[in-house]
Amino acid sequence: MTITLTFPDGSKREFKQGVTGVEVAQSISEGLARNALAIEVDGEVRDLARPITADAAIKILTWNDRGGKAAFWHSSAHLMAEALEALYPGVKFGIGPPIENGFYYDVDLNGRPFGEEDLAAVEKKMVELAKKASPFERRNVSKAEALEYFKAKGDPYKIELINDLEDGTITFYQQGNFVDLCRGPHIPNTGFIKAIKLLNVAGAYWRGDEKNKMLTRIYGITFPKNKELEEYLRMLEEAKKRDHRKLGKELELFAFSDKVGQGLPLWLPKGTILRERLEQFMRRAQVRAGYEPVVTPHIGGKELYVTSGHYEKYGKDSFQPIHTPDENEEFLLKPMNCPHHCEIYKVKPRSYRDLPLRLAEFGTVYRYEQSGELHGLTRVRGFTQDDAHIFCRPDQVKSEFVRVIDLVLHVFKSLGFENYTAQVSLRDPNNKEKYMGEDELWDRAEREIQEAADERGLKTVAVKGEAAFYGPKLDFMVKDALGRSWQLGTIQVDYQLPQRFELEYIGADNQRHRPVMIHRAPFGSLERFVAVLIEHCAGNFPLWLSPDQVAVLPISDRFNDYAQLVYDKLKEQDIRGLLDLRDEKITRKIRDAEIKKIPYMLIVGEREASEQKVAVRRHGQGDQGSVRLDDFVKDFKEACAPPA
RNA sequence: GCCGAGGUAGCUCAGCGGUAGAGCAGCUGAUUCGUAAUCAGCAGGUCGUGGGUUCAAAUCCCAUCCUCGGCUCCA
């Protein structure tokens with residue numbers, strides 16, 4: 001009996017029925033067989049050792065394939081579990097999946113503390129076990145047998161997992177003495193795992209539920225070669241240098257103060273320049289796109305949020321209301337700008353001809369975030385949204401949505417963000433009580449968002465359960481230096497607020513109609529955007545954003561007068577910079593300016609002063625030769641213009 | 001909020017029961033210099049905060065605040 005296997009290049013070959021992945025790999029080349037980790041059979045990743053029984057499209061997976069890496073790291077998690085069991089008998093296991101970079105295993109150490117030294121010990125044990133090259137053996141077990149095994153072993157988490165599984169679909173994997181409930185697939189044996197690094201320990205709730213017991217999560221990463229591990233660790237080091245919290249401090253962009261309060265950023269002068277440039281850029285883009293700026297207060301009466309529904313949803317675990325001394329009024333720090341904007345809408349009757357009405361505001365909002373959640377500028381308790389609310393007719397929703405997508409893409413492009421993902425954030429269908437509003441409107445909003453995104457050719461991923469409580473969203477996600485994903489821009493369709501605020505417009509039919517709202521913020525928040533921007537460009541901001549654009553550096557104090565003249569000339573032209581009159585050598589002044597990541601350095605000495613020139617040096621690029629001061633200014637003015 | 005790890009000079013960090021240290025930054029002086037660190041001197045800290053143990057605490061214990069890594073959350 002033979003079967004026909006189709007290879008990724010489309011070629012077909014006959015094999016005997018029951019051929020294994022290893023044999024297929026060997027038939028192609030010794031090298032491939034040596035590097036093969038798993039095999040994809042009709043889209044399903046499997047162990048190499050499993051016989052293939054029918055015609056199929058196959059692909060041998062190696063370290064270079066996503067599926068190969070996943071199997072490798074999944075097997076590494078098992079290896080770690082084996083080591084843990086050897087070192088800490090009685091340890092109970094949760095789940096141990098591969099992740100984007102490496103793997104983790106959640107374990108219950110019965111309250112035993114687990115620290116740095118333990119990581120090193122486990123790592124050592126893993127290396128030892130890996131050397132044995134124990135094969136990963138797959139075995140089908142009945143549900144009863146599976147339960148029996150873990151009951152005997154005393155592992156409540158596995159039992160819980162097995163109870164949720166269907167009899168007949170349960171498999172065990174074993175390597176060495178360690179047996180685990182596992183769907184697989186796994187690499188052939190532990191010998192492939194040559195380089196091992198356990199990264200950190202963290203707490204994690206069993207099944208991700210706050211109400212459950214907290215397990216110890218151990219993160220690690222492994223590689224087939226030591227060199228790759230070294231490279232990875234080097235890359236991590238590099239990424240740390242880009243961390244916005246580090247650069248924010250070094251470049252004096254922002255700071256925090258315990259006295260002001262955690263999560264409440266203080267923008268320093270240089271950071272403020274950066275922020276204000278971004279604001280100006282956005283203001284101009286928005287005016288062009290038909291938005292009208294408005295300004296609203298930082299607090300709002302409690303009733304406003306009762307009406308909007310925010311009070312019911314977040315009131316209890318938010319910053320507590322502010323009370324006035326005599327009248328006993330109650331105000332909330334505004335967590336959102338939309339209720340205020342709804343009230344602006346209601347200032348006068350609206351006609352269908354007035355729509356869409358686009359109200360924009362750089363609105364500073366305050367939200368109580370759990371203390372453990374605060375993170376540099378990316379997660380704070382007070383922040384400024386580049387917010388706007390579009391009030392439109394139902395028939396305008398899609399076209400308005402598309403216009404907003406265009407604006408967001410314009411912003412991302414202008415700032416060089418190319419690696420974003422567009423996420424359609426939908427309701428969790430199993431948890432509908434978390435959301436407000438009728439099914440019909442939700443379905444419609446979800447559909448319209450997807451259609452608008454498709455219209456602009458956006459590649460989107462739909463994620464259930466990520467919607468806001470009042471409506472679905474299109475979120476633009478960007479990764480930080482350490483690979484953590486953050487939401488920047490967001491666009492949200494909302495049928496709820498217009499209802500709650502009883503917003504109306506008079507239609508062409510002379511009847512009252514309800515407008516639809518679109519919430520949108522291309523940056524998301526200035527704080528988070530700046531954070532991601534810092535990491536994106538490693539502190540080397542585009543010229544138009546750079547807090548200091550030019551450093552004027554006289555060779556010695558004999559040329560201070562000319563340097564001052566150059567500096568004044570720049571200032572006249574609104575070029576931002578500093579003048580370094582310190583009694584230091586020019587090499588020193590250059591070094592300091594380079595460290596501050598100032599894009600341009602103008603070095604002036606004898607030669608320049610006598611000819612009204614400046615010697616231009618660019619950050620990271622070195623000496624560019626000298627030019628006439630006037631020419632420099634002219635060229636620079638062009639180069640530092642913000643994107644249109 | 002939860003689990004774990006940390007808070008020592010402006011910054012980066014050493015010290016981990018016996019009277020607070022280094023480098024950089026800062027200040028003063030010397031130096032007048034051509035593309036990534038000139039030399040010397042000085043000054044700078046109630047060791048996050050509050051309790052406790054001890055003859056003696058930065059060091060050990062407890063509490064608390066903040067930071068970091070995750071988890072949960074994220075209008």
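So that the names make sense, note that chain A is the first sequence line, chain B the second, and so on, each numbered from 1.
Dashed line: the shortest gap from a side-chain N or O of A/Q487 to OP1 or OP2 of B/rC74 is not under 4.0 Å. For B/rC74, neither phosphate oxygen OP1 nor OP2 lies less than 4.0 angstrom from any side-chain nitrogen or oxygen of A/R381. Within the 4.0 Å cut-off from OP1 or OP2 of B/rC66, at least one side-chain nitrogen or oxygen of A/Q262 is found. Checking the phosphate oxygens (OP1, OP2) of B/rA75, a side-chain nitrogen or oxygen of A/Y314 falls inside 4.0 Å. Between A/R245 and B/rC11 there is no side-chain N or O to OP1 or OP2 distance below 4.0 Å. Between A/R217 and B/rC3 there is no side-chain N or O to OP1 or OP2 distance below 4.0 Å. Contact check, A/H375 against B/rG70: no side-chain N or O comes under 4.0 Å of OP1 or OP2.
The residues A/K302 and A/E330 are annotated as salt-bridged, a charged nitrogen and a carboxylate oxygen being separated by less than 4.0 angstrom. Using a cutoff of 4.0 Å between basic side-chain nitrogens and carboxylate oxygens, A/R207 and A/D209 are not scored as salt-bridged. A/E369 and A/R379 are joined by a salt bridge, as a carboxylate oxygen and a charged side-chain nitrogen come within less than 4.0 angstrom of each other.
Below the 3.5 angstrom threshold, one finds no donor paired with an acceptor across the side chain of A/E252 and the base of B/rG10. Between the side chain of A/Y205 and the base of B/rG1, at least one donor-acceptor pair of N or O atoms lies under 3.5 Å. The base of B/rC73 is paired with the side chain of A/R379 by a donor and an acceptor separated by under 3.5 Å. With hydrogens and angles left out, the side chain of A/R558 and the base of B/rU32 share no donor-acceptor pair within 3.5 Å.
Within the 3.5 Å criterion, the main-chain N or O of A/V463 finds no donor-acceptor partner in the side chain of A/Q423.
Straight-line distance between the C1' atoms of B/rA57 and B/rG48: roughly 16 Å, to the nearest whole Å. Between B/rC42 and B/rG23, the distance separating the two P atoms is 12 Å to the nearest Å. Between B/rU8 and B/rC3, the distance separating the two C1' atoms is 26 Å to the nearest Å. Nucleotides B/rC55 and B/rA37 are separated by 49 Å at their C1' atoms, to the nearest Å. With both ends at atom P, the span from B/rG50 to B/rC65 equals 15 Å, rounded to whole Å.
Counting any heavy atom pair closer than 4.0 Å across all strands shown, A/R528 reaches no nucleic acid atom. Residue contacts for A/A202: at a heavy-atom cut-off of 4.0 Å it reaches a base atom on one of the strands shown. Among the protein residues, A/D623 comes within range of the nucleic acid bases, having at least one heavy atom under 4.0 Å from a base atom. A/G372 comes within 4.0 angstrom of a base, heavy atoms only. A/Y470 comes within 4.0 angstrom of the backbone, heavy atoms only, and of no base. A/N200 comes within 4.0 angstrom of sugar-phosphate atoms only, judged by non-hydrogen atoms across all strands, and of no base. Note on A/Y219: only backbone sugar-phosphate atoms sit closer than 4.0 angstrom, heavy atoms only; bases stay farther off. A/Q496 comes within 4.0 angstrom of nothing in the nucleic acid, heavy atoms only. In this structure, A/I586 reaches the sugar-phosphate backbone alone: every heavy-atom distance under 4.0 Å involves primed, P, OP1 or OP2 atoms, never a base. Contact annotation for A/K589: no contact, since no heavy-atom pair falls under 4.0 Å across all strands.
Ring orientation note: the planes of A/F254 and A/F256 are nearly perpendicular, at an angle over 60° on the 30°/60° scale. The aromatic rings of A/F93 and A/Y105 sit perpendicular to each other, their planes meeting at more than 60°, with 30° as the lower class boundary. Classification of the A/H375-A/W486 ring pair by plane angle, with boundaries at 30° and 60°, yields tilted. In this pair, A/F469 and A/H310 present their aromatic rings perpendicular. The plane angle is above 60°, beyond the 30 to 60° band.
Across the interface with RNA chain B, nearest-nucleotide mapping of A/A467 and A/E606 shows A/E606 to be the residue nearer the 5′ end. Nearest-nucleotide assignment on RNA chain B puts the 5′-proximal partner with A/A615, out of A/A615 and A/L482.
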Every protein N/O within reach of nucleotides 38-40 of chain B N/O, cut-off under 3.5 Å:
| unit_1 | atom_1 | unit_2 | atom_2 | d |
| --- | --- | --- | --- | --- |
| B/rU38 | OP1 | A/R588 | NH1 | 3.4 |

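Taking the ring axis of A/Y495 as reference, the NZ or CZ atom of A/R514 does not stay both within 45° of it and closer than 6.0 Å to the ring centre.
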